[in-house]
Amino acid sequence: MNKLLTRHTAFYIVIVLALFFSWLALVVHFAWWPVALAFIGLTVLGIYDLNQTRHAIRRNYPVIGNLRYFFEFIRPEIRQYFIESDKDELPFSRAERSLVYQRAKHDMDKRPFGTQNDVYGNDYEWINHSMVPTHLANTDFRIQVGGENCTQPYAMSVLNISAMSFGALSANAVRALNKGAQLGGFAHDTGEGGISLYHLEHGGDLIWNIGSGYFGCRDAQGNFSEEEFTKRATQPSVKMIELKLSQGAKPGHGGMLPAAKVTPEIARARGIPVGEDCISPAHHSAFSTPIEMMEFIARLRELSGGKPVGFKMCIGHPWEWFAIAKAMLKTGITPDFIVVDGAEGGTGAAPIEFVDHVGTPLREGLRLVHNTLVGVGLRRKIKLGASGKIISAFDMARIMALGADWCNSARGFMFAVGCIQAQVCHTGQCPTGVTTQDPKRQAAIVVGDKSERVAHFHDNTLSALGELLGAAGLTHPGDLRPHHIARRISNLEVRMLSAIFPDMHEGEILEGKFRQTIFRVGWPMAQAESFEPLYSLSEAMSEIDARAA
């Protein structure tokens, strides 16, 4: 039997059927022509397969070889809808997505019969509850952002929309997010693509994210423009200014928006010419040293009329972060806030090596920044935000226990708008209209309905956070500490996060006490005058190894 089947068998069968149905159409009845034409078309496809040179499978298996590419094309949908379990994380599990959908729709988010997690598996985490729980009547948790030099401090929600630009998101998605922020009384980060008309349409509070392209505050050469910055920073909707140093999903990587995608709307928001390539450099041109960076932050605060100004970064070389901290000490200038972005953060598109292997994950990065600020005596002056795969109230509790004052979520709010994690954000073919500039596709987003879902997701998540805090005997997210969260390391070991991420004592770095290796090695290497280290890491590690020997 196997000898009768060849790699061209399917093609031969198609030819025979094309001839047979053509005969039926000519001799018996013309109604057979649609079937005949279908097989004639497959015959033409088979001839093309035999002669094309790009795909070896199609040359060897004409007609039927195309099924391989078809099933490969629909494989993600097949896996998502029929194969993956509720706990598969790619990058968010079905259970996590369902939680957002339920809270956004105001549906019941309770679960029967017990946990589906393996509570004895490695890395399982939980919050320790109290025998004296509290009851929190108000879960609209807020913090005050703005230091002593800030004349317009901002009372900020502890959950806000993380940076996503218009251009990466559709106009209707931006409208829905901003109106949701207005309804729920929380903040909407613009992303580095500038402040578009859609960010201003519904009056939601904005955090203006300014990247290396200075979109919305640049001159014709792409340099920072004080005049353009002042014009937009003083708008009532803009509550805070966020200087973006790096993004967790692709730190140290610039970008380019091709000319074909620079529409009049995007050009207006970014302050760039229509139909020309739009470059986002990998680094800033307005400053080149840590001291210059602090001076630039002070200038932004002044030009904005005293609004809170801070910066966002993903931790890379620790001595570069230490250099920024030393510049704060040397100049006496401090940002009002710092947002730590984790390597697990999302993006519209990035090289796979950057997505998978560049940047410090959120927990380690946040803990380093928090401990550094405590160690140099500046933590009380600077608020910390955190972003990177934050969906649930427990995600928030864990990150706030490690030092964050508030959390940002991007993909969580995308789910609330309607995202189904199709992961085609970079193609312009988003099936739900969230990440596309196609007017017909984005018309699927009904702003009035989706904005309410955005507000519901925010409110219901904070309500869940309030229940967690109450169970732990706490009254505010600011009461959370690392010892409140436990993690299973192995079958035989459970450790508190306070043991995994030890606390720093107030001012101990200034006293020259370096209990942790990263400070003992990295702090002496850093200098306020440059991001370059004073000497090589290999030299420092060699000295430590020599002393240990």
Within the structure provided, determine whether Ile47 and Phe11 are in side-chain contact (heavy-atom separation under 4.5 Å). yes
Where do Val174 and Ser196 come nearest, in terms of heavy atoms and distance? CG1-OG, 4.4 Å
Does any part of the side chain of Leu462, heavy atoms only, come nearer than 4.5 Å to the side chain of Ser157, both counted from C-beta? yes
Output the distance between atom CE (Met313) and atom CD1 (Ile324), rounded to the nearest 0.5 Å. 5.5 Å
Could you check whether any side-chain N or O of Lys105 sits under 3.5 Å from a backbone N or O of Val100, counting only pairs where one atom can act as donor and the other as acceptor? no
Check whether any side-chain N or O of Arg367 sits under 3.5 Å from a backbone N or O of Leu402 as a donor-acceptor pair, and report yes or no. yes
Test ring-ring contact (aromatic ring centres under 6.0 Å, His included) applied to Phe415 - qualifying residues, sequence neighbours left out: Phe92
So, Phe287 versus Phe224, ring centres under 6.0 angstrom or not? no
For Ala181 versus Val454, what's the shortest heavy-atom pair and its separation? N-CG1, 4.4 Å
Of all heavy-atom pairs between Ser22 and Ile40, which one has the smallest distance, and what is that distance? OG-CD1, 3.7 Å
When you measure from the side chain of His456 to the backbone of Glu452, do you find a donor-acceptor pair of N or O atoms at a distance under 3.5 Å? yes
Could you point out which residue of Arg270, Glu228, His284 forms a side-chain hydrogen bond (donor to acceptor under 3.5 Å, both in side chains) with Tyr214? His284
Regarding His188 and Asn178, is there a side-chain donor-to-acceptor distance under 3.5 Å anywhere? yes
Are any non-hydrogen side-chain atoms of Ile420 and Tyr101 less than 4.5 angstrom apart? yes
Answer yes or no: is there a donor N or O on one side and an acceptor on the other, between the side chain of Asp109 and the main chain of Arg103, under 3.5 Å? no
Going by heavy atoms in the side chains, are Leu177 and Met164 under 4.5 Å from each other? yes
Close side-chain approach of Asp341 and Leu362, heavy atoms under 4.5 Å: no
To the nearest 0.5 angstrom, please state how far the CG atom of Asn160 sits from the NE2 atom of His458. 6.0 Å
Any idea which heavy atoms bring Glu192 and Ser212 closest together, and the distance? OE1-N, 4.3 Å
Quiz question: by atom type and distance under 3.5 Å, do the side chains of Arg441 and Gln429 form a donor-acceptor pair? yes
Would you give the length of the straight line joining atom CG of Leu169 to atom CE of Met414, rounded to the nearest 0.5 angstrom? 6.0 Å
ring-ring contact (aromatic ring centres under 6.0 Å, His included): which pairs involve residues 32-57, sequence neighbours left out? Phe21-Trp32, Phe21-Phe39, His55-Tyr69
Return a table of donor-acceptor pairs under 3.5 angstrom between the side chains of residues 391-398 and protein atoms on other chains or two or more places apart.
{"from": "Ser392", "atom 1": "OG", "to": "Phe394", "atom 2": "N", "distance (Å)": "3.4"}
{"from": "Ser392", "atom 1": "OG", "to": "Asp395", "atom 2": "N", "distance (Å)": "3.2"}
{"from": "Ser392", "atom 1": "OG", "to": "Asp395", "atom 2": "OD2", "distance (Å)": "3.3"}
{"from": "Asp395", "atom 1": "OD1", "to": "Arg398", "atom 2": "NH2", "distance (Å)": "3.0"}
{"from": "Asp395", "atom 1": "OD2", "to": "Ile391", "atom 2": "N", "distance (Å)": "2.9"}
{"from": "Asp395", "atom 1": "OD2", "to": "Ser392", "atom 2": "N", "distance (Å)": "2.9"}
{"from": "Arg398", "atom 1": "NH1", "to": "Glu125", "atom 2": "OE1", "distance (Å)": "2.6"}

Do the non-hydrogen side-chain atoms of Ile338 and Trp321 ever get within less than 4.5 Å of each other? yes
Identify the two heavy atoms, one from Ile445 and one from Gly433, that lie closest to each other, and give their separation to 0.1 Å. CD1-O, 3.2 Å
N/O donor-acceptor pair under 3.5 Å between Ser165 side chain and Ala168 backbone: no
Polar side-chain atom of Arg363 near backbone of Ile399 as donor-acceptor pair, under 3.5 Å: no
Nearest heavy-atom approach of Asp205 to Phe186 is CB-O, 3.9 Å
Could you tell me whether the side chain of Phe311 reaches within less than 4.5 Å of the side chain of Lys244, counting heavy atoms only? no
With a 3.5 Å distance limit and no angle check, can you tell me whether Asp189 reaches the backbone of Gly191 through a side-chain donor-acceptor pair? yes
Working to the nearest 0.5 angstrom, can you tell me the gap between Thr9 OG1 and Tyr61 OH? 10.0 Å
Would you give the length of the straight line joining atom CG of Asn122 to atom CG of Asn491, rounded to the nearest 0.5 angstrom? 6.5 Å
Using only atom types and a distance under 3.5 Å, with no angle test, would you say the side chain of Arg59 pairs donor to acceptor with the backbone of Gln52? yes
Please lay out, stage by stage, how Val262 and Glu276 fare under the test side chain to side chain contact (heavy atoms under 4.5 Å, CB included). CA-CA 7 Å; Val262 182; Glu276 294 184 15; over 6 Å; no
Is there a donor-acceptor pair under 3.5 Å between the side chain of Ser387 and the backbone N or O of Ser409? no
Is a side-chain N or O of Ser451 found less than 3.5 angstrom from the main chain of Gly448, in a donor-acceptor match? yes
4.5 Å side-chain heavy-atom contact, Phe166 and Ile266: yes
Report the C-alpha separation of Leu67 and Phe71 in whole Å, then their side-chain angles, then the decisive distance to 0.1 Å, and conclude whether the side chain to side chain contact (heavy atoms under 4.5 Å, CB included) test is met. CA-CA 6 Å; Leu67 290 176; Phe71 287 120; 4.1 Å; yes
Any side-chain donor near an acceptor of the partner, His199 and Ser237, under 3.5 Å: no
Could you tell me the separation between the NE2 atom of His202 and the CD atom of Gln182, rounded to the nearest 0.5 Å? 9.0 Å
Are Asn66 and Asp49 linked by a side-chain donor-acceptor pair shorter than 3.5 Å? yes
Take Asp123 and Arg487 through the side chain to side chain contact (heavy atoms under 4.5 Å, CB included) test and state the conclusion after the steps. CA-CA 6 Å; Asp123 298 328; Arg487 179 188 298 174; 4.0 Å; yes
Is there a donor in the side chain of Asn209 and an acceptor in the side chain of Glu242, or the other way round, less than 3.5 Å apart? yes
Asp219 and Ser225: side chain donor to acceptor below 3.5 Å: no
Mind running side chain to side chain contact (heavy atoms under 4.5 Å, CB included) on Thr115 and Val119 for me, showing each step along the way? CA-CA 8 Å; Thr115 181; Val119 299; 4.1 Å; yes
Salt bridge (Lys or Arg N to Asp or Glu O under 4.0 Å) between Glu493 and Arg495, worked out: CA-CA 7 Å; Glu493 184 179 7; Arg495 302 178 71 183; 3.8 Å; yes
Looking only at the aromatic ring of each residue, does the gap between the centers of Trp208 and Phe215 stay below 6.0 angstrom? no
